[in-house]
Peer 1: 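Here you go, one structure.
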Amino acid sequence: MELVRCVSCDGYGWFEDETTAQAIDCDWCDGTGYVYRDAQGIDHKIPASDYGKVADQLEKLEAQRLHEMGYTGQAKHPKDQDIRKK
């Protein structure tokens, strides 16, 4: 099976409730933003037991998604983030 961006939430993993403005995890991907797509093109949630196996792939897919949105920076360790130095 192939890892692909969730078509329901477009990789965000959540939605904003229109009435309460609260963040709600996407039911299709369980909040991960990505799903397995089988040979028939049917999407399936990634089982929690598989997260360790696909973590590197998920990180790469997420970095790609962020770059598509225009993000050009690199991740910083929390101790190196300006906002946390104050």
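What's counted below: heavy atoms across the whole structure, side chains too, no hydrogens, waters or symmetry copies. As the structure is a prediction and not an experimental result, all values here were calculated from the model.
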Peer 1: Any ion pair linking R65 and E68 (charged N to carboxylate O, less than 4.0 Å)?
Peer 2: no

Peer 1: Between I46 and L61, is there a shared hydrophobic cluster once you connect ILVMFWY residues whose side-chain heavy atoms come closer than 4.5 Å?
Peer 2: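 Result: yes, single cluster for both.
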
Peer 1: Same hydrophobic cluster for Y51 and Y36, using side-chain heavy-atom links shorter than 4.5 Å among ILVMFWY?
Peer 2: yes

Peer 1: Would C9 and F15 count as a side chain to side chain contact (heavy atoms under 4.5 Å, CB included) here? Give the steps.
Peer 2: CA-CA 7 Å; C9 67; F15 295 98; 3.8 Å; yes

Peer 1: Hey, are Q57 and Y34 close enough side-chain-wise for a donor-acceptor pair under 3.5 Å?
Peer 2: no

Peer 1: With no hydrogens and no angle check, is any side-chain donor or acceptor of D50 less than 3.5 Å from a backbone partner on K53?
Peer 2: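 Side chain of D50 to backbone of K53, a donor-acceptor pair under 3.5 Å: no, none is there.
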
Peer 1: Just by distance, no angles: are the side chains of T32 and D30 close enough, under 3.5 Å, to form a donor-acceptor pair?
Peer 2: no

Peer 1: Applying side-chain contact (heavy atoms from CB on, under 4.5 Å), name anything that partners E18, two or more places apart in sequence or on another chain.
Peer 2: none

Peer 1: Work out which heavy atom in C29 is nearest to a heavy atom in G33; give both atom names and the distance.
Peer 2: SG-N, 3.1 Å

Peer 1: Using a 6.0 Å cut-off, check whether atom CG of D56 has over 12 heavy atoms from anything other than its own residue.
Peer 2: no

Peer 1: H44 vs M1, test: side chain to side chain contact (heavy atoms under 4.5 Å, CB included). Steps then yes/no.
Peer 2: CA-CA 9 Å; H44 305 271; M1 290 210 254; 3.9 Å; yes

Peer 1: If I compare all heavy atoms of C6 with all of C26, which pair ends up nearest, and what's the gap?
Peer 2: SG-SG, 3.8 Å

Peer 1: Could you measure the distance from the NE2 atom of H67 to the CD atom of E62? Nearest 0.5 Å is fine.
Peer 2: 10.5 Å

Peer 1: Does D10 form a side chain to side chain contact (heavy atoms under 4.5 Å, CB included) with R5? I'd like the steps, not just the answer.
Peer 2: CA-CA 6 Å; D10 196 30; R5 193 177 301 168; 3.3 Å; yes

Peer 1: Side-chain heavy atoms under 4.5 angstrom apart, residues restricted to Ile, Leu, Val, Met, Phe, Trp, Tyr: same cluster for L66 and W14?
Peer 2: yes

Peer 1: What are the two closest heavy atoms between V54 and L3, and how far apart are they?
Peer 2: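 Looks like CB-CD1, 3.7 Å.
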
